[in-house]
Amino acid sequence: MSVRVRMAPSPTGFLHIGNVRTALFNWLFARHEDGEFRLRIENTDTSREVAEAAEQIQRSLSWLGLDWDGAVTFQLDRQAQCAEAAQRLLAEGRAYEDEGAIRFRMPDDGVTAWDDAVRGRVEFPNEKLEDLVIIRSDGRPTYNFASPMEDVWDGITHVIRGEDHISNTPKQLNVIRAVGAEPPVYAHVSHVFGADGKPLSKRHGSVTVDDFRHEGYYAPALLNFLALLGWSYDDKTTVMSRDELVARFTLARVVSSPAVFDYQKLDWMNGVYLRALPLDEYAEALVAYVRDEGYGWDEQLVRRAAPLVQEKIERFGQFPELARFLFEDVPPDPDLLDGAVLDAARNELGRVDPFTAERIEPVLRALAQRLELSPRKAFQPIRIAVTGSKISPGLFESLELLGKERSLERLSAAAATARA
RNA sequence: GGCGCAUUCGUCUAGUGGCCUAGGACACCGCCCUCUCACGGCGGCGGCACGGGUUCGAAUCCCGUAUGCGCCUCCA
């Protein structure tokens, strides 16, 4: 039998990265097994906010490339079915009315147990299980009734979810058995925490998929990083393409201990992916990022700047800082300038034609030698005058891209500032 | 408080009784490369929570303690 899993987020806001990791494991498992990955929204009302959150979730999954099978389903649409199922349990004496609500009878002795696909056998003493409200007095089903019933109706074979559901599992198992259905295999994955061991939240940095997109992370890198939070292929493989991840993913290699989200490692991995991109793809992705973030910069120039920054930034979000000088005026720090060097550089560069990095480099190197300065000493004031920063892409390439006219203007202006 | 889950370098992890004087990656430190910053190369620092067992032998199995987290809602 083919496997079928689901992601069942509640539409309470934006997609949290911890839920994305769980979604990823579901997706990888489904694709690896050649099964289905379903998306089910656990809504309890139909407000406008819910509709937006549901759309947001789908947009985020799409951006990540986690495609789902079939139509998206909504819990609210199954209220009537839940009510019918509850009535049957009532008629069979498996449930009883309690002040208008309907409660499911939990077994009183023995244990409820299951073989968790990531944790092994888990047992709960039944005496600790209280009779569960399955239908509220207002007629709406509760989560611990609706969710397992939907898993049954959807033919879910494996429930891969967060460990916060471990305590719910015995309740859901008893409900499923009471309606005469075969329970799915459960796999509880651990949580993802911030560096302080607390649940990931805004103060740790990016937490929603949107946050990561705005920071300029690249979806395949983010997925690769996330996959390694609680799962590994072997003792040394870290960089894996989406296809490799799908081919290699198994629940047996998912660990049960919680993980801390390491932003530095994510940055490193994102850099690995960005540097490995073919230049044209890199340039297009960079242009799209700059456009989406609303900078309004000349896209042709952004495209031409791509090769200058590809090896230097690990997130697209670092592009504006490094390349702003190409698009806007950047006042240099007067203390770091050197009038003599700048004047000389302006004169020499004024004679360079065509104004290309290839022609610029020997001229500036010769200049440094004539001034008896190390290249390092000689180039730094020029860099600061032209880019406004001590840190920039390669100087010669930067000058070429800026253009002769603007380069000379900046050199003149900076030289004047230095003399003042 | 009860029940449950977890515990290997700072972080992610490998490890399923001998291959472990515990391997890899990120971070950090040093050196090399170098027009800055990066990239890349080389090297280094650093860990089995604690205490009892079991065993010829334990990071690996059992028990206890500690710590962290989760759930205990007519929330999801």
Pairing partner of [N] (Watson-Crick or G-U wobble, both distances under 3.5 Å):
N     : answer
B/G40 : B/C32
B/C72 : B/G1
B/U67 : B/A6
B/U21 : none

Notebook entry, point to check: Can you tell which of A/Tyr217, A/Tyr282, A/Tyr295 makes a ring-ring contact (aromatic ring centres under 6.0 Å, His included) with A/Phe316?
Noted result: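 Exactly one pass, corresponding to A/Tyr282.
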Categorize [X] for me: base, sugar-phosphate, or nothing, with a 4.0 angstrom heavy-atom threshold over every strand shown.
X        : answer
A/Asn144 : base
A/His188 : nothing
A/Lys198 : sugar-phosphate
A/Val122 : sugar-phosphate
A/Ser147 : nothing

Interatomic distance, [X] [atom1] vs [N] [atom2] [rounded to whole Å]:
X        : N     : atom1 : atom2 : value
A/Tyr186 : B/C5  : OH    : C1'   : 17 Å
A/Asp267 : B/A25 : CG    : P     : 19 Å
A/Phe124 : B/C72 : CZ    : C1'   : 10 Å
A/Phe104 : B/U73 : CZ    : P     : 17 Å
A/Asp131 : B/U73 : CG    : P     : 13 Å
A/Met240 : B/G24 : CE    : P     : 17 Å
A/Tyr143 : B/C74 : OH    : P     : 15 Å
A/Asn168 : B/C3  : CG    : C1'   : 13 Å

Pick the [atom1] atom in [N] and in [M], then give their distance to the nearest Å.
N     : M     : atom1 : value
B/G52 : B/G41 : P     : 46 Å
B/A22 : B/C48 : C1'   : 8 Å
B/U34 : B/G46 : C1'   : 30 Å
B/C32 : B/C39 : C1'   : 14 Å
B/G64 : B/G2  : P     : 14 Å
B/U55 : B/U8  : P     : 28 Å
B/C3  : B/C45 : P     : 46 Å
B/G4  : B/U11 : P     : 28 Å

Item checked: Short side-chain N/O contact from A/Ser256 to OP1 or OP2 of B/A6, under 4.0 Å ->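 Result: yes.
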Notebook entry, point to check: Could you run down nucleotides 29-49 of chain B 5' to 3' and tag each one B, S or - for protein heavy-atom contact under 4.0 Å?
Noted result: ------BBBBSS---------
Next item on the list: Produce a footprint string for nucleotides 9-14 of chain B: one letter per nucleotide, 5' end first; B if the base is under 4.0 Å from any protein heavy atom, S if only the sugar-phosphate is, - if neither.
Entry: --BBSS
Next item on the list: Please step through ring-ring contact (aromatic ring centres under 6.0 Å, His included) for the pair A/Phe261 and A/Tyr263, ending with a clear verdict.
Entry: CA-CA 6 Å; A/Phe261 195 101; A/Tyr263 289 89; 4.7 Å; yes
Notebook entry, point to check: If you check every side-chain atom of A/Glu130, which of B/U73, B/A76, B/G2 has the closest atom?
Noted result: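 The closest nucleotide is B/U73.
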Next item on the list: For the side chain of A/Pro125, starting at C-beta, report the closest nucleotide among B/G4, B/C74, B/C5.
Entry: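 Output: B/G4.
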Margin query: I want to confirm an ordering. Mapping A/Lys171 and A/Thr237 to their closest nucleotides on RNA chain B, which one lands closer to the 5' end?
Written below: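 Looking at the nearest nucleotide for each, A/Thr237 comes out on the 5' side.
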Next item on the list: For A/Ile166 and for A/Ala252, locate the closest nucleotide of RNA chain B by heavy-atom distance; then report the residue assigned to the nucleotide nearer the 5' terminus.
Entry: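 Result of the comparison: A/Ile166.
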Item checked: Electrostatic pair A/Glu130:A/Arg103 at N-O distance under 4.0 angstrom ->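 A/Arg103 and A/Glu130: not salt-bridged.
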Check: So does A/Glu92 pair up with A/Arg88, basic N to acidic O under 4.0 Å?
Finding: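 Answer for the salt bridge query: no.
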Next item on the list: Assess the side chains of A/His214 and A/Asp211: does a donor N or O sit below 3.5 Å from an acceptor N or O?
Entry: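 Not at all, the side chains of A/His214 and A/Asp211 share no donor-acceptor pair under 3.5 Å.
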Next item on the list: Would you check if there is a donor-acceptor pair between the side chains of A/Gln81 and A/Arg78 at a distance under 3.5 Å?
Entry: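 No, because no side-chain N or O of A/Arg78 sits under 3.5 Å from a partner of the opposite role on A/Gln81.
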Note to self: Looking only at the aromatic ring of each residue, does the gap between the centers of A/Phe249 and A/Phe25 stay below 6.0 angstrom?
What the structure shows: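 Distance test on ring centres: under 6.0 Å, yes.
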Margin query: Measuring centre to centre across the rings, with the benzene-like ring taken for any Trp, is A/Phe396 within less than 6.0 Å of A/Phe379?
Written below: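 Judged by ring-centre distance (under 6.0 Å), A/Phe396 and A/Phe379 do meet the cut-off.
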Notebook entry, point to check: Per the side-chain hydrogen bond (donor to acceptor under 3.5 Å, both in side chains) rule, which among A/Arg40, A/Arg38, A/Arg4 passes with A/Asp154?
Noted result: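 By the side-chain hydrogen bond (donor to acceptor under 3.5 Å, both in side chains) criterion, A/Asp154 pairs with just one of A/Arg40, A/Arg38, A/Arg4: A/Arg40.
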Notebook entry, point to check: Going by heavy atoms in the side chains, are A/Lys198 and A/Phe193 under 4.5 Å from each other?
Noted result: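 The answer is no, as the side chains (C-beta and beyond) never meet within the 4.5 Å cut-off.
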Notebook entry, point to check: Who passes side-chain contact (heavy atoms from CB on, under 4.5 Å) against A/Ala113, sequence neighbours left out?
Noted result: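 A/Arg121, A/Glu123.
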Next item on the list: Give a yes/no verdict on a cation-pi contact between A/Arg324 and A/Phe327, requiring under 6.0 Å between NZ or CZ and the six-membered ring centre and an angle within 45° of the axis.
Entry: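 Output no; distance or angle outside limits.
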